[in-house]
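Report on the structure given below.
Residue numbers begin at 1 in each chain, while the letters A, B, ... track the order of the sequences. What's counted below: heavy atoms across the whole structure, side chains too, no hydrogens, waters or symmetry copies.
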Amino acid sequence: MTWIPPALAVNPWLTHTARIADIVSECDGIATYRLCLDTSDNASAYVFEPGQFNMLYVPGVGESAISMSGDAHEPDGWIHTVRVAGNVTRSLAQLECGQTLGVRGPFGTGWPIPQLVGKNVVVVAGGLGLAPLRPLVYHLVRHRSQFQNVSLIVGARTAAGLLYPTEYANWTQAGIDVQLTVDRATAGWNGNIGVVTALLDRLKLNQIERASVVTCGPEVMMKYVGMSAMQRGIPAEQIWVSMERNMQCAAGLCGHCQLGPAFICKDGPVLRYDRLQPYLFVESL
Amino acid sequence: MSTTDVIEVPILTRVEGEGGVTIRVRQNTIENVQLRIYEPPRLFEALLCGRALEDTPDITARICGICPVAYQMSSVHALEAALGIQTTPQIRRLRRLLYCGEWIESHALHIHLLHAPDFFGAASGIELAQRFPQEITRGLQLKKHGNRLLEALGGRAIHPINVAVGGFYRLPRREELAGLIPDFEWGLEAAIAATRWVASFPFPELTQPYEFVSLSHPDEYPFNEGEIVSSQGLRVPVTEFDRHFVEVHVAHSTALQAVRHEQRTPYFVGPLARINLNRGQLSQTVQRLADEVGMESECRNPFRSIIARALELVQVYEEALDILRGYHPSGPSRMPYQPAAGQACAATEAPRGLLFHDYQIDDAGKIRQARIIPPTSQNQRQIEGDLTTYLSRNLQAKASREELASDCERLVRTYDPCISCSTHFLRVRWEEIP
Amino acid sequence: MTDRAAQFFRKAELQALIDELRRRDYNVVGPSIDQEAIVYTELTSVEQLPRGWTDEQAPGSYRLVRRDDDAWFGYVVGPHSWKKYLFPPRTKLLTVQKTEQGWSFLPAVLENTKTAMLGVRACELAAIAVQDRVFLGGPYKDRDYESRRKSLFLIAVNCTQAASTCFCTSMNTGPRCKSGFDLALTEIESGFLCEIGSDAGWDVLSACELQTATAEDLNEAESQRQRAVEMIERQMRTDDLPQLLLDNLNHPNWKAVGERCLSCTNCTMVCPTCFCSSVSEVRDLTTDQIDRERTWDSCFNPEFSYLGGTPVRNDTSARYRQWLTHKLGSWHEQFGTSGCVGCGRCITWCPVGIDLTAEVAAMREAPAP
Amino acid sequence: MARGRKPRLAVFKFASCDGCQLSLLDAEDELLAVCDLIEIAHFAEASSDLQPGPYDVALVEGSITTEEDAQRILKIRSNSRYLMTIGACATAGGIQALRQWGQIEEWVSRVYPSPEFIHTLATSTPIAAHVLVDFELHGCPVNHHQLVDVLVALAEGRRPRLPTHSVCLDCKRRGTVCHVVSRGIPCLGPVTQSGCGAICPAFDRGCYGCFGPSQPAQTVPLLSRFQALGHTTDRLVPLLRNFNAAAPAFQQAADELSELHGEPS
Ligand SMILES: Cc1cc2nc3c(=O)[nH]c(=O)nc-3n(C[C@H](O)[C@H](O)[C@H](O)COP(=O)(O)OP(=O)(O)OC[C@H]3O[C@@H](n4cnc5c(N)ncnc54)[C@H](O)[C@@H]3O)c2cc1C
Ligand code: SF4
Ligand code: SF4
Ligand code: SF4
């Protein structure tokens, strides 16, 4: 069970003032923010597990669930990578350094790090799905020796949509097999073209029964990743996905995010594939 | 100016609905003046035919978003007369109360946002608010009270949903109305202050030998009941409306305009007419206030109708408070009835003046024929007459067309014309003189 | 805990009980007639009770009718449920203010509402227990619910009749009130038999003139309660429900019911356990203050499952399926109980009379291929 | 909207009662605050200062019933970045759309003694039948809180968003007892879009659909329920043919009902 901050357990609506400390533009419509709480400059205020998320609140507009995308070991603020999707994220994108917004969290389950220890780990990210996976990648890099082979498959629509490109070299150096693919090649691209599952299918995995897959990206992509992984003999119990649903409370009280028996906000967003399987393929559930 | 000239006010602003004025000048004399209404016809009288009579108050409300209650009131009174329905004193009081809400809303709107800017050369009430922040904010509060009352009793301010043939769908609970009392106590004082404020405005000189027409009731300031009276001594029941008033086709225009039946002369309806003809029915407070602010006992200056409107505002605040304080719901919310064939008419006092409805229904309770004469179509001829007089006097003195045009607009605005309700107006077609 | 055996008091004593609770600052709420139905509202006097009235219910139909006796609680359950007091239709969550330094966020001030509910039925006690699990049983507590719940006083009343839509016996929630109350009454002709469920209940009861129940009283009460049991016609098999629903997520009946269902949300609104809500911004333009407010919402509302531009559950049948499978199926896994207590409200108050027990039966009879 | 500059608002009227634009003035508490966010560039009912376009936001009230208006709306569209229709007339043709079930010549001559002077179309069509509409605000009249919300959203550069669910949800939130169930009254709440606050049921009458069809508007099962309750087509067809008579879901439902019963439609 994920650790829940005691103050949130008794009032999940507890919202803190956060100030924008840095904004780094990633690619078209996507930026990474560092948010610092007004009430605390203490690193312990930013404790989270890779895979968890915060609710970011722009007053007068609304809230959005946004994953942590920073390094859990170097907490100097909340790091979030946000894509402009609708009103909340657009209003967020209009804010400048020094301006404030509301934050509550962290919420949700993290990636199953203890279960990955000693395993061949395959991380599959689609588009913005790399954001919630980056804290996990940092962990893998930092504790590389605890894991067997580690592969990171990153897919994007075009090369310009590949998130955090400057970091791939470090990750490779740390012993992670980073593989990139795009749906559509643009000038200058001479890497893979095609869906992430194609790379997954080709991936060399010496001990299938010791392999685990973690994935985040568009729901269809994750479905196919799950299917491909299982076809290669990886049991459903060793596949984890991070789901997305409409969320209002993030605490299992509002009913919006249900998928079958799971509340994506508190039982997820990271869920084991076998738990989702009966529901994931039912249309409009 | 050239010998033949056309001065146009293309869009009358700060009036409800859309219209314009065209004035033709030849050899420095006014040849003719037309108030043009280019509201496209919506054919209410036709679309009512075949509808169940209980739909009438909901449908006729849509004739005008500014004074929907007036349409609801005239229609239910006419239909009740046709069916022989007698309502209870409580229903009657609540209907007066509902009308109070509409008058407050409409008068406060016209005084503060539409008319007052004219006296200070402001383009709008919002602009005027920079100069008179307290007065305009106070006016908005008054307007809001009217709306809150309409909501409490009618469900909402525009197109209330609670008016039924026979009464109301539901009587408001005591708390729903009693909650308004503190606001209305404040509002009564505020309305008095507003009256003093508007009475201090600089008024242009213009007096006309009008024939004022309104309802009149021996015991009360007129809303829903009374005889039709005029300043020329007319006093007849509403059922005789058609013998004394008629809608005519005018040669130079295709608009229907109401005039006195025999004389074919224009007449004047609205607050100024009501206050002139019913001064004795005003409360003591309002009578004293009228004297205090120097409102003549028969005022013939249309610009001063803003004072009449303000005095009426005070009058209806008092009346509303009285009804609110004494309200204890009891008895039926509406009277039952059996549909039966019949014909009847009724007139009530809309904020802008007399509103006449006439219906024929068949034995299944469906409308066979409807006729609706709104206040603005009754004033239209008078407005044109005023414009002619005013322009004849001022054509020489004021050289610029713009100035004259905006004077005309201002004069039209004193009538608070509501053009959206003008179901009888036509688009005027123009033949320019070369 | 002295003598907790059943007590008896005369009908008029109920007023003393109400007065005593009001003296202790409770807002006493209970059944009364309004809008041609028996609804829950603030009570100051027993005169407000629906004496001599009963309700006749059928799918999509409810009528208030005169009884031939003067029973005070001679009805079943109406369009309101008690959840409106514990989980109100609108609740303020947060107040946001603009300051020189930026936004500041203040948790909503909890309303100090001591509520005493009079006339809670067995299925309704069960529903409160279900919502307790939803709002208080998980890792996050709903503090508004918690504060309301903590100061709640519950006077249950046993059913002495049942409506055609009731099926509490199938859901094992009634008609007899077994626990979860401070006091539980059974109405007989001369007065009320009263069971005591808590110290607080016993304490409040001191305001009434009590008598010891005679054997005759006890018999009459028992046969009244038995009458309710016997009147229950509707049945639903529950042992296999979660699995049945899980196995039939693609059953053609979902489409069929989706064509009849209005997606109007009435069933979820009247259901005493449904807890879905949404949050909205209530902005005061003149003061720059914003309240974040939670309002009742429903899984039948298409926008409820909005995600990235379109609803996930984008037709009525998908939404009906979500409701039913949640209520009767996944609720078990989430909260260790069924989400349905068998009160029958959703059957009665569906404007077109859709009956969840019939929909389940349809699936049971012809499981999906 | 462009940042740093107040968006310029214009209000235009077609065949209508004025009630929807009046709603803006009915937002007494917010009016002055809204004017801080938005520049009123053209609003004849409220201001004599009529500025020429282009406008950032045009509010359009009323339906198209004349040839001239059909031309005028084209000009307005080309002069406006964002065009929003307000009210049942502009979004569905309004009550005056009933003419499409009648004979226009006969209707005109019923009202006017000289029908030859009347130039009106046989239809009353919504604005969206003529030009692209960016956002529709429903209601007869619109709800002024919704109107203010939408204007503030636009001024702040957000996409306006309003609930499209049924009136029933609001009806239950306010604790009103369902009339269909408890009294057998035909109420259009289940198929009508939220926005009014469910006032009709709260005043003991059925909803008459003035906010137009909800999503989804399941008229078929609702109407057959009403028929089972004893309501005749004679009553149900006019109920649907009110202020949103020409809104597709209501129009279709009413036409189907009257066809089923051999009424000329
Ligand atoms: C666990 C989790 C983690 C996430 N992490 C990230 C991340 O790291 N980075 C990132 O960029 N995104 C992330 N997302 C996605 C992100 O939350 C959504 O893209 C975001 O909420 C969009 O907000 P918006 O207001 O800009 O978009 P909108 O599409 O406008 O929606 C915002 C919310 O407003 C409501 N809403 C808006 N329009 C409607 C409508 N028409 N009907 C009903 N409701 C409506 C809904 O509640 C919706 O959720 C994550 C989502 C989840 C669930
Ligand atoms: S689902 Fe229906 S029967 Fe069950 S508790 Fe809810 S309203 Fe009552
Ligand atoms: S009264 Fe009308 S709006 Fe209210 S719940 Fe019933 S059907 Fe819906
Ligand atoms: S008719 Fe319907 S939508 Fe219109 S005000 Fe009444 S309840 Fe609301």
Side-chain angles (χ1 to χ4, degrees), chain C residues 34-41 55 57-64 78-80 84 88-90 257-270 278 280-288 295-298 300-304 306 311 314-316 319 348-354, chain D residues 27-37 145 148-149 151-153 155-156 161-187 189-192 194 201-204 214-226 228-229:
Chain C
D34 186 34
Q35 308 173 59
E36 295 182 29
I38 295 168
V39 300
Y40 300 144
T41 182
D55 44 11
Q57 306 191 35
S61 169
Y62 176 101
R63 290 292 180 281
L64 209 54
H80 286 185
K84 69 173 179 163
R90 350 169 61 93
V257 67
E259 272 158 21
R260 284 180 291 135
C261 169
L262 307 171
S263 233
C264 69
T265 77
N266 269 294
C267 53
T268 51
M269 295 288 112
V270 295
S278 281
S280 55
E281 306 282 295
V282 183
R283 221 168 135 174
D284 184 335
L285 283 181
T286 52
T287 61
D288 268 337
T295 47
W296 284 357
D297 205 339
S298 166
F300 280 96
N301 176 355
E303 293 173 348
F304 190 78
Y306 176 91
N314 55 11
D315 64 13
T316 305
R319 295 191 287 273
T348 299
W349 295 98
C350 171
V352 293
I354 294 174
Chain D
E28 294 95 2
D29 288 336
E30 296 91 2
L31 185 60
L32 298 177
V34 169
C35 292
D36 283 343
L37 292 171
H145 297 294
V148 167
D149 277 358
L151 289 178
V152 170
E156 293 179 347
R161 182 193 146 217
L162 292 170
T164 53
H165 58 69
S166 74
V167 168
C168 298
L169 185 59
D170 300 319
C171 183
K172 298 301 95 176
R173 282 175 181 152
R174 63 187 286 173
T176 306
V177 175
C178 178
H179 295 287
V180 177
V181 173
S182 69
R183 312 178 203 194
I185 289 176
C187 173
V191 294
T192 298
S194 119
F203 279 85
D204 283 0
S214 60
Q215 283 171 23
Q218 301 262 69
T219 49
V220 174
L222 186 67
L223 291 169
S224 45
R225 174 72 183 150
F226 291 163
L229 286 168

Interatomic spacing from OG in D/Ser166 to CG in C/Leu262 - rounded to 0.5 Å: 8.5 Å
Between C/Gln57 and chain D, which part of the residue has a heavy atom less than 4.5 Å away: side chain, backbone, both or neither? neither
Cut-off 4.5 Å, heavy atoms of chain C, and the answer for D/Ser224 is neither
If one checks every heavy atom of D/Val220 against chain C at 4.5 Å, the contacting part turns out to be neither
Top contributor to chain C interface from D/Gln215, D/Glu30, D/Arg183, D/His165 [non-hydrogen pairs under 4.5 Å]: D/Arg183
Do NZ/NE/NH1/NH2 and the carboxylate oxygens of C/Glu281 and D/Arg161 come within less than 4.0 Å? no
SG of D/Cys168 to CG of C/Asn301, rounded to nearest 0.5 Å, is 11.5 Å
Interatomic spacing from CG in C/Leu285 to CG in D/Leu151 - rounded to 0.5 Å: 10.5 Å
First locate atom NE2 of C/His80, then atom NZ of D/Lys172, and finally report the distance between them rounded to the nearest 0.5 Å. 7.0 Å
Does some side-chain heavy atom of D/Leu169 sit less than 4.5 Å from a side-chain heavy atom of C/Asp297? yes
Under 4.5 Å heavy-atom distance to chain D, tell me which part of C/Thr268 shows up: side chain, backbone, both or neither. neither
Greatest number of heavy atom pairs closer than 4.5 Å to chain D - which of C/Glu259, C/Lys84, C/Arg90: C/Glu259
Of the listed D/Thr176, D/Thr219, D/Asp204, D/Leu32, the one with the largest count of heavy-atom pairs under 4.5 Å with chain C is D/Thr176
D/Ser182 side, atom OG; C/Leu64 side, atom CG - distance, nearest 0.5 Å: 9.0 Å
When the 4.5 angstrom heavy-atom criterion is applied to D/Val148 and chain C, the contacting part is side chain
Under a plain distance cut-off of 3.5 Å, with no hydrogens placed, do C/Glu303 and D/Thr164 share a side-chain donor-acceptor pair? yes
Under a 3.5 Å distance rule, please check whether D/Arg225 uses its side chain to pair with a backbone N or O of C/Gly60 as donor and acceptor. yes
Which one of C/Gly78, C/Cys261, C/Pro59, C/Ser298 has the most heavy-atom pairs closer than 4.5 Å to chain D? C/Cys261
For C/Val39, is it the side chain, the backbone, both, or neither that has a heavy atom closer than 4.5 Å to a heavy atom of chain D? side chain
Considering only heavy atoms, which portion of C/Arg283 lies under 4.5 Å from any heavy atom of chain D: side chain, backbone, both, or neither? side chain
